[in-house]
Structure formats: C-alpha cells, structure tokens
Amino acid sequence: MTNRDKTAKLIVGKKEIDLPVLSPSTGPDVIDIRRLYTDAGVFTYDPGFTSTASTESEITYINGGKGELLHRGYPIDQLAENSHYLEVCFLLLYGHLPNSSELDDFVNSVTIHTMLHEQMQFLFRGFRRDAHPMAIMVGVVGALSAFYHDSIDINDSWQRQVATIRMIAKMPTIAAMAFKYTIGQPFVYPRNDIDYASNFLRMCFAVPAEDYKENPVLSRAMDRIFILHADHEQNASTSTVRLASSSGANPFACIAAGIACLWGPAHGGANQACLEMLKKIGSVDKIPGYIKRAKDPGDPFRLMGFGHRVYKNFDPRAAVMKKSADEVLDLLGIDNNPALQVAKELEKQALEDDYFIEKKLFPNVDFYSGIILEAMGFPTSMFTPIFAVSRTVGWISQWKEMIQDPHLKIGRPRQLYKGETHRDYIDINQR
Ligand code: SDX
C-alpha cells in the first residue's frame, strides 16, 4: 500500500533527497529506501534489523506495545480458544477462515499425506541414537527434496501446493520418528482416522506392546500449542526461510534452513533452555540469586523464556499458555510441579523488578510451553522439534507469499566495511 503524498526528506552531505513513505493497513509507516544507494550513494545500517521492514506481508501482524498478535486479522487468543491447528493453517495459507467443505478438503489432503516414503527410515538409522532430534529433523527435512522431485519446482503453482501439503502433513511424522529413534522405540505410522494433534501424540507415545488410548485433554492442549506457535511475522527463522527461498532453492531445503535457525536458544531453542533453567533454579528460594545474575551485565546468564524483540508489554501467547499449563497439570493431577511453582514465582518477582520493567522484559511464548510439554511426557529435547512442527505452516505461508510476489528479488544485504583497504601481496620471504 503506498501513500504517495507522504515523503521523508533525507539530507546526506550536500544532497537532499525525498524518500517515499509507505502506509500499512495498521502499524508504523515505512520509509521506502530502495533507491537510497542509487540516489544518495549511501547504505542504511541496521544489524539485527531492529528498525527494518524486510518485506510487505498480509499474513501476521504484531503490535508489541499492545501485546497484540493477529493472524489474517484474527486475534491469537480467539483462535486458540475457538479454532484448531489445521483450520489456522488454512487461514494462514489462504487468507480466510474456511467454510466446512473447504476445511474438509484441506484436512483430508493433509491427512492422506502424513506417511513418509518408506525408504526415508534408513536416513534416520544413519544417526547415532543420542542425536538431538533437531539435528535429525534438519537432515531429514533437507533430504525430502531427494524423495519428492515432483514438488520442488517453485515456479509451478501445483507443485507449490503439493509441497505445502506435504510439509504440513509430514512434519509431525518426522518429528515423532526422530523422537522414537532417539529413545530406541519402533516407529509408529500415522493413522487417517484421528485428528492431527492426536496423531502426533500417538506416533510419539504408542508402542506395539499395548493399545494406545488417546487423551482428549492432551490432544486439545497439543493442538493449542500448535496454534500458538504457528506464525509470528518476520522472526529469525521465517526470515531465514525467505532469504533461502529468494535464491529459488526448493521449499524442503528452505524449511530445513528455518529449522536450523529455530534451534538456537535465543529463538525456538528457548523452550528447552527455559525448562532446564527452571529445573536448575530448583526452588523458589533460589530465584533472587538468578534474577541478580540475569541483571548483571558481566554475567552472560539470561532468563530464558523472558524478553522479546517485538513484545514490550506482554506476549499474548504466554498468557494463553499459562492458562493451559494450569488446566493440563490440574487435569493430570500434577498439583505440585516444582518447575511450574518456580515459573510462577519467577514471573512475579521479575515483573516487580525495576530492571525487567525498565527493559520491558516479560515472559514470552517459551516460558510456560515447556512445563506443559514435560507434563505430557516429552523430554526437553523434543520441545523445539514441536515448535518446528507448528511453525512449518508459518514458514510455508510466508514462503508462498514471497514466491507469488511478481517483484521477487534475491535477498542480498550490503555491509559497513571496516577491514583493510587495498594493499599488495607480499612474498613470504619479505614477511
Ligand atoms: C522466540 O522474533 C520472534 O517472533 C521469535 C518468537 C517467534 O514466535 O518466532 O517469538 C519465538 O524466539 C521467543 C524468544 C525466545 N528467546 C528467549 O526467551 C531467550 C531469552 N531472551 C533474550 O535472549 C532476548 O530477550 C531476545 C533474544 C528474545 C530478544 O533480544 P533483543 O530484542 O535483541 O533484545 P536485547 O538482547 O538487545 O536485550 C535488550 C536488553 C539487553 O540489555 P542491555 O544490553 O540493553 O543492557 O534486555 C536485556 C539484554 O541484556 N535482556 C535480558 C533478557 N532479554 C534481554 N536480560 C535478562 N534476561 C533476558 N531474557
């Protein structure tokens, strides 16, 4: 959306240039600097992209000051309460809530693509049993392009659609197989007669030795966790997928790049790091010491699950997750979960501390999710793979939006060069 009657005036040395200001449907205006280097011979400098819009998008909007998260305009708390993950997938992918026949068709398409090519199981067997499931997921997802050649041409809309469905359908199967492989249990095939979240839990926890009984409470909690992690504007892993895709690389390789980025403890790896931190703190009397460390600029320790680049009020997903943690633990009869007690007291003390107030640090989506996942029986190593399963639809939706952009250009940032200027080679005998 361009509002041509707005411009920003930039004076660089003796040059004065007018830059167009583009207006969004909501949120801050953006200064269009695409001609800046051509017209003024200068770059902008923004490591970490704290003030940079890398793209135009219609998928997800975050208002960090208000703690607002909208998916195609629908607030996350309403979707978490009233929708289910595959309906949210449809919304993110196609821009509207589906009617019943659209939803049935979409759910059926996903359901009948949940199995993996049988040959892929030998890929898993190449890993050590103590491999981190994220390492396996990066490898196996990247290898999908070696098995599904008929859906890697990004210029073919039908192949893009097939790749989209395959990714959403197969990611839970891959994550569950990675889990089973690392605990030495046999792989469990997906079933077509149960819902997406129940299928994932069944593939993770069923064993051939006995019948598996679904727990609707855990399935609903799992589905809600999938909804809460589905998409989040231009976060690090989504930006990685967009940059990788801008070269024309196939979607499976680009999603593998997103998984690799998500693994970092500053991003999706924080849910694992957060629960490990809560366990390390161990009891509420140890909290002040850890808060002191988190505030010490000389100490690299940070409160995992706290802080966010965009949310400077509260993360609306954390509020839903906290409520869900209480419900799940209550229904499972886990009333004295020490990690949850520590988490609640830590949140209370941190939010009353000037340091966290001044730096606007609040619990984020990762603060409570690990407590629910552990209560479901997952080891911490499976927390980020579950985040990756959910975020696949966000990565794919943003990828789809970018690939369909007629003005798509390869992403190629410039730099502020501070290295040596020109100098001639010196023969080794003169050094
Ligand atoms: C996710 O971008 C997304 O949308 C991500 C995500 C998504 O859905 O895709 O929401 C998912 O990644 C959530 C974030 C999970 N990460 C963590 O919980 C790890 C702990 N958090 C921090 O590492 C940090 O808060 C970040 C990485 C999340 C945000 O970092 P920023 O925006 O670059 O902020 P910063 O590091 O510049 O911090 C600002 C100040 C610093 O102090 P000063 O240098 O100004 O003195 O706040 C301090 C930081 O030291 N600070 C913290 C802190 N987080 C920031 N101090 C203690 N504990 C923390 N957790």
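Counting convention: from 1, in listed order, for ligands and their atoms alike.
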Are any of the N or O atoms of [X] closer than 3.5 Å to those of ligand 1?
X	value
L303	yes
F387	no
K312	no
D315	no

Q. Counting distance only, does the side-chain N/O of S239 pair as donor-acceptor with the main-chain N or O of Q234 below 3.5 Å?
A. yes
Nearest to [atom], what protein heavy atom do you find, and at what distance?
atom	value
atom 51 (N) of ligand 1	L361 CD1, 3.8 Å
atom 4 (O) of ligand 1	H232 ND1, 2.6 Å
atom 13 (C) of ligand 1	D366 OD2, 3.4 Å
atom 48 (C) of ligand 1	Y355 OH, 3.5 Å
atom 57 (C) of ligand 1	A294 O, 3.7 Å
atom 9 (O) of ligand 1	R391 NH1, 2.8 Å
atom 2 (O) of ligand 1	N235 CB, 3.5 Å

Under-4.0 Å heavy-atom contact between protein and [atom]:
atom	answer
atom 26 (C) of ligand 1	no
atom 39 (C) of ligand 1	no
atom 34 (O) of ligand 1	no
atom 44 (O) of ligand 1	no

Do NZ/NE/NH1/NH2 and the carboxylate oxygens of [X] and [Y] come within less than 4.0 Å?
X	Y	value
D150	R166	yes
R72	D231	no
E327	R220	no
E81	K323	yes

Are a donor atom and an acceptor atom from the side chains of [X] and [Y] found within less than 3.5 Å of each other?
X	Y	result
S109	D105	no
Y94	E102	no
S57	E233	no
T55	R242	yes
N271	S369	no
H132	Q272	yes
S198	E214	no
Q349	E345	yes

Short list, please: which atoms of ligand 1 are under 4.0 Å from a heavy atom of [X]?
X	result
A266	12 (O), 14 (C), 15 (C), 16 (N), 27 (C)
A270	15 (C), 16 (N), 17 (C), 18 (O)
G307	25 (O), 28 (C)
M304	18 (O), 19 (C)
G305	17 (C), 18 (O)
R309	29 (C), 31 (P), 32 (O), 33 (O)

Is there a heavy atom in [X] that sits closer than 4.0 Å to ligand 1?
X	answer
R317	yes
F367	no
P265	yes

Answer side chain, backbone, both or neither: which part of [X] comes under 4.0 Å from ligand 1, heavy atoms only.
X	result
V310	neither
H308	both
F362	neither

Q) So Y85 and F226, would you call those rings parallel, tilted or perpendicular, with 30° and 60° as cut-offs? A) tilted
Q: Supply the atom-to-atom distance F200 CZ to F205 CZ, rounded to the nearest 0.5 angstrom.
A: 7.5 Å
**Q.** Option from Y61, Y311, F387 for which ring pair (Phe, Tyr, Trp, His ring centres under 6.0 Å) with H232 holds
**A.** Y311
**Q.** Closest to atom 50 (O) of ligand 1 (judged by heavy-atom distance), picking from K359, R302, H229, E358
**A.** R302
